[in-house]
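Note that ligands are numbered from 1 as they come in the structure, with each ligand's atoms numbered from 1 the same way. Values below: every heavy atom of this structure, side chains too, minus hydrogens, waters and symmetry copies. This structure is a prediction, so every number in the text was calculated from the model and none was measured.
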Amino acid sequence: MKLTLLGVYGPFPAAGKGCSSYLVEDGDTRILLDCGSGSLSRLRALIPGRMRLDAIVLSHLHADHCGEIDLFRYLMEFGLCDAPVTLFSPEIERFTSPVFRPVRTYDGFEAKIGTVTLRFSEVRHAVKTTGVRITDENGRSLFYTGDSAWFDGIEDITKDADLLLADACLVDESNEKALKNHMTVFEVMRLRAAAHCGRAVLTHRFGGETYLPALSDPFCEYAEEGAVYEI
Ligand SMILES: [Zn+2]
Ligand SMILES: [Zn+2]
């Protein structure tokens with residue numbers, strides 16, 4: 001299974017960068033996780049010509065995670081991407097176009113797409129949000145938190161993931177309001193160790209922050225756009 005980071009910023013992009021969006025591929029199976037700003041142009045650079053996606057997964061409906069969904073709709077309506085495409089989201093009411101096959105996600109919901117299994121878990125955020133574990137046929141797995149604060153049980157849902165792609169938007173541990181919606185860099189390091197994840201990629205980097213603390217855990221690294229991970 002291969003993960004490509006298309007955009008790694010939130011809630012708005014840093015200059016010249018993009019918001020949350022990730023491509024997961026396993027053989028011919030191709031899944032897009034979130035589609036924040038910049039995602040479609042980056043995906044088109046990776047997949048020249050007509051596009052085929054097996055599914056689009058939206059963790060939640062904040063603009064930095066789904067802002068380009070209508071651009072994907074236009075692409076499909078113009079015949080440049082196979083349609084309909086399965087669209088997983090914790091809220092589906094707004095997706096009325098026939099190019100989408102919307103599927104509501106919730107805690108414990110599972111689906112099989114191509115060669116991988118998706119298992120969704122509710123996480124803690126300002127709006128309804130589901131994280132997802134994607135597992136290939138060899139049992140290798142990736143867990144994407146979407147946007148989430150720390151909560152009791154987050155170690156259980158992320159347990160033993162080979163790669164943890166986690167919201168690490170915050171640096172300031174004293175910002176109580178923000179801590180209700182996002183994890184800090186330090187919490188993600190703690191989570192990786194507590195959940196025994198193989199490695200953690202710290203994403204949803206704050207678009208307005210230039211300072212990043214050094215990471216004391218050698219199995220943690222900051223997300224960089226264009227980075228590719230073999231899982
Ligand atoms: Zn976000
Ligand atoms: Zn959010």
Side-chain angles (χ1 to χ4, degrees), residues 3-24 31-43 56-72 87-95 102 104-107 120-134 142-151 153-154 157-158 163-173 175-188 191 200-212 220 222-225 227:
L3 167 70
T4 303
L5 311 186
L6 303 174
V8 303
Y9 287 84
F12 45 83
K17 304 290 187 180
C19 284
S20 282
S21 187
Y22 315 92
L23 178 65
V24 177
I31 298 172
L32 182 67
L33 298 180
D34 284 343
C35 56
S37 61
S39 55
L40 182 50
S41 68
R42 285 164 184 170
L43 201 55
I56 298 174
V57 174
L58 299 180
S59 61
H60 65 302
L61 299 189
H62 279 158
D64 51 328
H65 298 259
C66 68
E68 292 202 346
I69 192 66
D70 280 328
L71 306 189
F72 283 87
L87 177 67
F88 293 102
S89 170
E91 297 180 77
I92 58 172
E93 288 73 13
R94 75 164 72 167
F95 304 113
R104 187 188 304 277
T105 59
Y106 53 86
D107 200 43
F120 296 86
S121 298
E122 195 173 335
V123 295
R124 181 180 168 213
H125 194 49
V127 298
K128 206 170 265 188
T129 303
T130 46
V132 63
R133 181 185 290 263
I134 302 179
L142 148 77
F143 192 99
Y144 172 48
T145 65
D147 281 359
S148 182
W150 183 285
F151 59 93
I154 194 168
I157 59 170
T158 54
L163 190 147
L164 171 66
L165 180 62
D167 171 6
C169 191
L170 304 177
V171 172
D172 179 4
E173 292 183 286
N175 187 338
E176 285 188 18
K177 186 165 171 262
L179 282 169
K180 288 187 175 139
N181 290 311
H182 300 281
M183 284 184 279
T184 65
V185 167
F186 311 103
E187 283 176 320
V188 173
L191 177 58
V201 176
L202 281 63
T203 193
H204 201 267
R205 290 169 50 176
F206 180 50
E209 178 65 78
T210 50
Y211 164 72
L212 286 176
C220 288
Y222 287 111
E224 295 289 348
E225 293 182 1

Close side-chain approach of Val123 and Ile157, heavy atoms under 4.5 Å: yes
Using a distance threshold of 2.8 Å, state whether an N, O or S atom of His65 lies below it from the Zn ion (ligand 2). no
As an exercise, state the distance from SG of Cys19 to CD of Glu68, rounded to the nearest 0.5 Å. 9.0 Å
By atom name, which N, O or S atom belonging to Asp64 lies closest to the Zn ion (ligand 1)? OD2
Taking the N/O/S atoms of Asp147 one by one, which is nearest to the Zn ion (ligand 1)? OD2
I'd like the atom name of the N/O/S atom in [X] lying closest to the Zn ion (ligand 2).
{"X": "His62", "answer": "ND1"}
{"X": "His60", "answer": "NE2"}
{"X": "His125", "answer": "NE2"}

Name the orientation class of the two ring planes belonging to His204 and His182 (parallel below 30°, tilted from 30 to 60°, perpendicular beyond 60°). parallel
Verdict with supporting geometry, Ser59 and Asp34, side-chain hydrogen bond (donor to acceptor under 3.5 Å, both in side chains): CA-CA 6 Å; Ser59 61; Asp34 284 343; 2.9 Å; yes
Trace of the side-chain contact (heavy atoms from CB on, under 4.5 Å) decision for Arg124 with Met183: CA-CA 10 Å; Arg124 181 180 168 213; Met183 284 184 279; over 6 Å; no
